[in-house]
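A short write-up of the structure that comes next.
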Amino acid sequence: MRNKYKKPTTFPCNAGSKCSVSIIVWTLAGFLLLLHFFSLVSHKDGTSGEIELHISHNPSFRELVEVEEENIQIPPPRGKRSPRAAKRRPKRTTTLIDEFLDENSQLRHVFFPDMKTAIDPMKDNGNDSFYYYPGRIWLDTEGAPIQAHGGGILYDESSRTYYWYGEYKDGPTYHAHKKAAARVDIIGVGCYSSKDMWTWKNEGIVLAAEETNETHDLYKLNVLERPKVIYNDRTGKYVMWMHIDDCNYTKAAVGVAISDYPTGPFDYLYSKRPHGFDSRDMTIFKDDDGVAYLVYSSEDNSELHIGPLTSDYLDVSNVVRRILVGQHREAPALFKHLGTYYMVTSGCTGWAPNEALVHAAESIMGPWEDMGNPCIGGNKVFRLTTFFAQSTYVIPLAGLPGLYIFMADRWNPADLRESRYIWLPLIVRGPADRPLEYNFGFPLWSRVSIYWHKKWRLPSRWSG
């Protein structure tokens, strides 16, 4: 009786009509989509599997992925506090970060070793040749400390030479006013050349400060930071982009310079706020197809902006995308691996070190997904401070798939010329362990890891 008045089930179309055709079409489309997805997964898995096999069978690679720990003991405080002072203001426990920031710390030599332990490629180093020692003073071929802070690397294919550009900070550190950040007057952009990325020849200052013209962007009392150089295959020009600011960091612009040669001199062209937005920490990235992109911190460092340059690399186009909105990231360093874009960034804490994050995207314009902290080894404080350093560039290594060099600066705000270089192996391998934020599930791309080592070198098969 319950089904007495139930209507028979009917379809809005008869067999053999459009309904069955559409079902077949949608089924076929779904099957093709699934087939494409599995082919994509198998392709990436196959390529990454080859890299895993290559790393696991190479002793030099295995050394790079060994986790090296640090156990730094904080010394007892010098002198004793009076009981009255201790009662009035209890002394909090001193942390390793406090010791790092204290220029009078008993551990100063741990973070900033002196000239006695400097890396000198011109000496007979025996078995220590070609080893990187992160944090030690690094000498050029003339025996002087390298001055190329906040820099980047250009590989010039015509001369098969690496060029390292960076801030030349060999001057006194001071504060422009009581609340100002530590600074060194602009001296210029230093350039060093190398065939092996270990022995560096000083090519001089390729873009010099303006000593007398106070209205010039490069006037010595202004700010020039994070210079990066790329080569334009179409025009045959070397183009430099950099952060340009005044001593109060209110100008917030990018500057552009150009040269016919990688060793300069570079002619300064102009500065501007890209896309009409403020710009501070920045970098440029040249993609496989020759298109170059500007990436910069904006909106008071609360987000990053990214957009392509014009074909001559001398200006930004009118296309821009806001990424990592509200995350307060700076010091971007981009690289590409197996068609996926990766970017290392730091937090915004001035000269003080903080935790690095890695981000990844299938398209350079986004969306960009967070992949977490890439740092491995040292100790917890080392990992939460990016080994007491800040990202500046990632160097690809031809012939060594999955292996890169992570370039960072260990800033010394008490004496900026004494800031050190932290070069460490960055390896892309293994499945990502963080779910996607903007899409369902886990990404297809691989995990990024930066390994701490007191001493390391590139695999012997790499010859530059």
Side-chain angles (χ1 to χ4, degrees), residues 150-152 165-167 176 180-181 183 185-186 188-189 207 209-210 213-230 232 237-259 266-287 291-334 343 345-348 350 359 364-366 368 390-393:
Y165 303 90
E167 305 159 32
R183 59 164 283 127
D185 284 347
I186 297 178
V189 177
L207 180 66
E210 171 59 48
N213 184 359
E214 297 183 12
T215 64
H216 199 283
D217 285 339
L218 301 183
Y219 179 55
K220 62 183 180 180
L221 297 184
N222 288 332
V223 171
L224 186 163
E225 294 176 340
R226 298 187 173 273
K228 304 292 187 292
V229 176
I230 52 176
N232 190 299
K237 301 289 186 180
Y238 296 86
V239 183
M240 179 187 297
W241 284 69
M242 70 213 86
H243 170 206
I244 293 294
D245 229 315
D246 54 39
C247 64
N248 295 316
Y249 286 85
T250 58
K251 184 178 179 70
V254 291
V256 183
I258 193 170
S259 176
F266 280 78
D267 296 320
Y268 186 77
L269 301 181
Y270 69 97
S271 70
K272 68 181 293 185
R273 285 194 164 192
H275 312 106
F277 293 99
D278 60 298
S279 171
R280 292 184 173 85
D281 276 11
M282 47 67 62
T283 193
I284 47 177
F285 174 79
K286 182 179 177 181
D287 209 343
V291 178
Y293 297 83
L294 172 69
V295 186
Y296 58 96
S297 296
S298 192
E299 300 292 1
D300 292 325
N301 289 341
S302 66
E303 61 191 40
L304 292 180
H305 292 179
I306 185 168
L309 303 181
T310 53
S311 60
D312 58 8
Y313 300 168
L314 300 182
D315 201 354
V316 293
S317 70
N318 58 3
V319 178
V320 64
R321 179 71 58 84
R322 300 167 62 214
I323 62 175
L324 310 187
V325 177
Q327 295 192 33
H328 296 274
R329 309 302 296 175
E330 64 179 11
L334 274 77
M343 177 167 55
T345 65
S346 86
C348 302
H359 318 270
I364 194 169
M365 298 297 284
W368 285 81
Q390 185 183 41
S391 52
T392 184
Y393 198 77

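For the numbers below, each heavy atom of this structure counts, side chains included, while hydrogens, waters and symmetry mates do not.
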Seminar exercise, completed: Hits for side chain to side chain contact (heavy atoms under 4.5 Å, CB included) against Ala292, two or more places apart or cross-chain, chain-then-number order -> Ile230, Leu309, Tyr313

Exercise. Looking at residues at least two apart in the chain, or sitting in another chain, which of them share a side-chain hydrogen bond (donor to acceptor under 3.5 Å, both in side chains) with Tyr219?
Worked result: none

For this session: Could you tell me which residues satisfy side-chain hydrogen bond (donor to acceptor under 3.5 Å, both in side chains) with Asp312, sequence neighbours excluded, listed by chain and number?
Result: Thr310

For this session: Nearest 0.5 Å please: distance from the OH atom of Tyr238 over to the CG atom of Asn232.
Result: 11.0 Å

Problem set entry | Side-chain heavy-atom pair Val239, Ile284 within 4.5 angstrom cut-off | no

Exercise. Is there a donor-acceptor contact under 3.5 Å from the side chain of Ser391 to the main chain of Ala331?
Worked result: yes

Exercise. Do the side chains of Glu299 and Asn301 get nearer than 4.5 Å, heavy atoms only?
Worked result: no

Problem set entry | Contacts of type salt bridge (Lys or Arg N to Asp or Glu O under 4.0 Å), residue Asp278, not counting sequence neighbours | Arg280

For this session: Verify side chain to side chain contact (heavy atoms under 4.5 Å, CB included) between Phe285 and Val295, making sure each step is shown before the conclusion.
Result: CA-CA 8 Å; Phe285 174 79; Val295 186; 5.5 Å; no

For this session: Taking the side chain as every heavy atom from C-beta outward, state whether Ile323 and His359 have any pair of such atoms under 4.5 Å apart.
Result: no

Seminar exercise, completed: Interatomic distance, CG@Leu334 vs OG1@Thr283, rounded to 0.5 Å, equals 6.5 Å

Problem set entry | Value rounded to 0.5 Å, distance of NZ in Lys251 from CZ in Arg273 | 8.5 Å

Problem set entry | Partner set under side chain to side chain contact (heavy atoms under 4.5 Å, CB included) for Ile186, not counting sequence neighbours | Ala209, Asn222, Leu224

For this session: Run the numbers on Phe266 and Val189 for side chain to side chain contact (heavy atoms under 4.5 Å, CB included), then give the verdict.
Result: CA-CA 10 Å; Phe266 280 78; Val189 177; over 6 Å; no

For this session: Could I get the full list of salt bridge (Lys or Arg N to Asp or Glu O under 4.0 Å) partners for Asp315, not counting sequence neighbours?
Result: Lys272

For this session: Measure the shortest side-chain to side-chain distance between Met343 and Leu324 over non-hydrogen atoms and say whether it is less than 4.5 angstrom.
Result: yes

Problem set entry | Backbone N/O of Thr250 and side chain of Asp245: donor-acceptor pair under 3.5 Å | yes

Exercise. Do the non-hydrogen side-chain atoms of Trp368 and Leu304 ever get within less than 4.5 Å of each other?
Worked result: no

For this session: Supply the atom-to-atom distance Lys228 NZ to Met240 CE, rounded to the nearest 0.5 angstrom.
Result: 10.5 Å

Problem set entry | Where His275 and Val316 come nearest, the two heavy atoms and their spacing | NE2-CB, 3.6 Å

For this session: Could I get the full list of ring pair (Phe, Tyr, Trp, His ring centres under 6.0 Å) partners for Tyr393, not counting sequence neighbours?
Result: none

Exercise. Checking side chain to side chain donor-acceptor pair (under 3.5 Å) against Tyr249, which of His243, Glu225, Arg183 comes through?
Worked result: Glu225

Problem set entry | Cys247 side, atom SG; Lys220 side, atom NZ - distance, nearest 0.5 Å | 13.5 Å

Problem set entry | By salt bridge (Lys or Arg N to Asp or Glu O under 4.0 Å) - contacts of Asp246 (at least two apart) | none

Problem set entry | Any donor-acceptor N/O pair, Thr392 side chain to Gly151 backbone, under 3.5 Å | yes

For this session: Using the test side-chain hydrogen bond (donor to acceptor under 3.5 Å, both in side chains), find all partners of Tyr165 that sit at least two apart in sequence or belong to another chain.
Result: none

Seminar exercise, completed: So the salt bridge (Lys or Arg N to Asp or Glu O under 4.0 Å) pairs with at least one residue in residues 319-333 (sequence neighbours excluded) are Glu303-Arg322

For this session: Indicate yes or no: at least one non-hydrogen side-chain atom of Tyr268 is less than 4.5 angstrom from one of Glu210.
Result: no

Exercise. How are the rings of His305 and Phe277 set relative to one another: parallel (under 30°), tilted (30 to 60°) or perpendicular (over 60°)?
Worked result: perpendicular

Exercise. Can you find a heavy atom in the side chain of Glu167 that is under 4.5 Å from one in the side chain of Pro227?
Worked result: yes

Seminar exercise, completed: Hits for side chain to side chain contact (heavy atoms under 4.5 Å, CB included) against Ala181, two or more places apart or cross-chain, chain-then-number order -> Trp351

Seminar exercise, completed: For Asn318, the side chain to side chain contact (heavy atoms under 4.5 Å, CB included) test, sequence neighbours excluded, returns none

Problem set entry | Thr345 versus Pro332, closest heavy-atom pair with distance | CG2-CA, 4.2 Å

Problem set entry | Pro308 and Met365, any side-chain heavy atoms less than 4.5 Å apart | yes

For this session: Might you work through the side chain to side chain contact (heavy atoms under 4.5 Å, CB included) test for Asp281 and Ser297, ending with a clear yes or no?
Result: CA-CA 5 Å; Asp281 276 11; Ser297 296; 4.0 Å; yes

Problem set entry | Candidate pair Val254 and Ile244, rule side chain to side chain contact (heavy atoms under 4.5 Å, CB included), full reasoning | CA-CA 5 Å; Val254 291; Ile244 293 294; over 6 Å; no

